[in-house]
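One-based numbering, in listed order, for ligands and for the atoms of each.
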Amino acid sequence: MSTTQISTDRLEAITSTILQPTAAAGVQGRTGRFEEVIAGLTSLITRHRPSGAEVLRFPPVMSRALLEKSGYLKSFPHLLGVVSSMTGTEAKIRALVEGRAAEQEWVDALAATDLVLTPAACYQVYPIVAARGDVPITGVIVDVESYCFRRETSAELGRMQAFRMREYVCIGAPETAVAFRESWKGKAQQLANQLGLPFTLLPASDPFFGRAGKLMAVNQVEQALKFELLVPVNSDEAPTACMSFNYHQDHFGTTWGLRTDGGAVAHTACAAFGLDRLTIALFATHGLDFEAWPLTVREALGI
Ligand code: AMP
Ligand code: ZN
């Protein structure tokens with residue numbers, strides 16, 4: 001772990017020149033330099049893709065019904081974003097948008113649609129695999145990516161409302177899912193070393209909602225269900241989670257009726273890469289100028 005605090009100047013430059021701030025907190029434009037690193041990371045992660053993995057890419061929205069069934073509203077209602085639209089006759093909609101319905105702000109007329117903003121890439125995968133029937137005994141691995149949305153309230157660098165999440169997802173027997181998760185804890189450390197990133201890998205918990213959520217978070221740590229690879233960005237004391245490694249036990253298997261071909265409920269695990277966070281961590285660690293980055297890192301990223 002680095003003991004050198006990253007300079008405030010560098011953090012400020014990432015916030016305002018490597019990224020393009022917008023009127024909305026936590027929503028940034030990505031500059032060409034930023035996207036060059038994203039592209040390099042994308043192909044580096046692809047080079048580590050488990051053999052036989054199926055590739056799926058998704059738009060940033062998903063079915064509201066599927067997300068509800070996943071249990072998201074019980075655990076993270078405070079982070080969810082829902083797609084709303086205007087309904088009604090043409091006259092009603094026109095009156096609203098043209099400001100003629102003086103009593104009512106047009107936003108009051110919005111109604112939730114059947115879509116939500118995807119909060120994590122892997123939620124899309126489980127119902128799709130479940131619909132195909134039994135999971136082969138060797139398990140199924142999916143390479144998934146989606147833009148994700150979370151209604152984050154802090155505006156610290158790296159805590160975005162909209163960000164890209166790449167994941168390798170494993171569905172199979174309990175020992176298959178556990179072995180997958182364990183192997184990715186190891187491979188991720190190799191990746192971080194290749195990228196020259198100082199890191200720690202620690203047990204972690206999700207930001208569950210409310211008082212009951214605190215208990216769930218404690219339980220998650222006690223059962224070692226989640227680990228994060230953290231890199232100092234804003235401070236050494238509170239490093240930023242750039243990758244996470246989750247074992248969901250039978251949660252999604254039971255929810256979606258995922259079974260192995262022996263008939264048992266399948267277990268699931270995922271290795272998640274926060275592409276935007278990793279990119280920010282690279283600029284924070286190595287500086288703003290590619291020329292000054294270690295050659296090995298530039299080679300790994302093809303930049
Ligand atoms: P999680 O499902 O919270 O484990 O998230 C998976 C990965 O997505 C994390 O390891 C982060 O790298 C990334 N991530 C999560 N939340 C954010 C956020 N608000 N902004 C940017 N990246 C995020
Ligand atoms: Zn996941």
Side-chain angles (χ1 to χ4, degrees), residues 14-15 19 24-28 30 34 38 41 45 56 58 60 62 67 70-72 75-76 78-81 117-129 141-171 177 180-181 184-185 188 191-192 195 197 199-209 213 216-217 220-221 225-234 239-249 251-253 255-256 267-282 284:
I14 296 168
T15 307
L19 289 165
V27 181
Q28 297 90 349
R30 276 70 169 158
F34 193 91
I38 291 270
L41 275 173
I45 294 167
L56 283 172
F58 289 99
M62 65 176 286
L67 194 74
S70 298
Y72 196 82
S75 300
F76 312 107
H78 55 308
L79 297 178
L80 184 61
L117 301 175
T118 305
C122 68
Y123 283 110
Q124 299 267 35
V125 170
Y126 309 112
I128 290 173
V129 174
I141 296 183
V142 179
D143 167 349
V144 62
E145 188 181 317
S146 175
Y147 240 105
C148 294
F149 174 88
R150 294 181 188 175
R151 187 69 180 149
E152 302 278 11
T153 47
S154 145
E156 70 176 5
L157 180 58
R159 189 161 296 281
M160 301 164 140
Q161 294 206 68
F163 54 93
R164 276 161 284 190
M165 195 188 295
R166 174 91 179 262
E167 295 194 62
Y168 291 133
V169 182
C170 172
I171 304 171
F180 174 88
R181 203 278 302 264
W184 270 100
K185 275 164 62 185
L191 265 177
L195 294 172
L197 294 173
F199 65 88
T200 45
L201 187 98
L202 290 172
S205 60
D206 287 310
F208 293 107
F209 180 66
M216 288 163 84
Q220 199 179 20
V221 172
L225 299 180
K226 185 179 188 82
F227 288 83
E228 286 175 341
L229 187 139
L230 305 134
V231 181
V233 172
N234 295 292
T240 300
C242 293
M243 308 184 210
S244 37
F245 314 95
N246 306 291
Y247 173 40
H248 317 114
Q249 299 171 303
H251 173 74
F252 292 115
T255 302
W256 295 110
H267 283 214
T268 63
C270 65
F273 309 91
L275 296 176
D276 297 287
R277 274 205 185 158
L278 278 165
T279 302
I280 288 170
L282 282 161

Quick check on contacts: which atoms of ligand 1 are under 4.0 angstrom from a heavy atom of Lys226?
1 (P), 4 (O)

Which of the atoms in ligand 1, numbered in the order shown and given with their element, are less than 4.0 Å from a heavy-atom of Ser244?
1 (P), 4 (O), 5 (O), 6 (C), 7 (C), 9 (C), 10 (O)

Closest protein heavy atom (residue, atom, distance) for atom 14 (N) of ligand 1
Phe163 CE1, 3.5 Å

At what distance is the nearest protein heavy atom to atom 13 (C) of ligand 1, and which residue and atom is it?
Gly274 CA, 3.8 Å

Atoms in ligand 1 flagged as close to Ala241, the criterion being non-hydrogen separation under 4.0 Å:
10 (O), 11 (C), 12 (O)

Are the side chain of Asn234 and the backbone N or O of Thr240 linked by a donor-acceptor pair below 3.5 Å?
no

When you measure from atom 2 (O) of ligand 1 to every protein heavy atom, which one gives the shortest distance, and what is it?
Arg150 NH2, 2.9 Å

Please compare Gln161, Glu228, Arg277, Arg166 and report which has the shortest non-hydrogen distance to atom 18 (C) of ligand 1.
Arg277

Within 4.0 Å of some non-hydrogen atom of Met165, the atoms of ligand 1 are 5 (O), 6 (C), 8 (O)

Which word best sums up how the rings of Phe208 and Phe76 line up, parallel for under 30°, tilted for 30 to 60°, or perpendicular for over 60°?
parallel

Can you name the atoms of ligand 1, numbered from 1 with element, that are less than 4.0 Å from a heavy atom of Ala272?
6 (C)

Residue from His267, Gln220, Lys226, Arg181 passing side-chain hydrogen bond (donor to acceptor under 3.5 Å, both in side chains) with Tyr247
His267

Decide whether Gln161 and Arg150 meet the rule of one side-chain donor and one side-chain acceptor closer than 3.5 Å.
no

Please give me the minimum heavy-atom distance between Leu80 and Phe149, naming the atom from each residue.
C-CE2, 4.4 Å

Under 2.8 Å from the Zn ion (ligand 2), is there an N/O/S atom belonging to His248?
no

Any side-chain heavy atom of Pro119 within less than 4.5 Å of one from Met62?
yes

For the Zn ion (ligand 2), find the closest N/O/S atom belonging to Glu167 and write down its atom name.
OE1

Parallel, tilted or perpendicular, judged at 30° and 60°: which one describes the rings of Phe273 and Tyr168?
perpendicular

Backbone N or O of Glu156 within a donor-acceptor pair of the Ser154 side chain at under 3.5 Å?
yes

Return the option from Ala121, Gly26, Gly158 holding the heavy atom at the smallest distance from atom 21 (C) of ligand 1.
Gly158

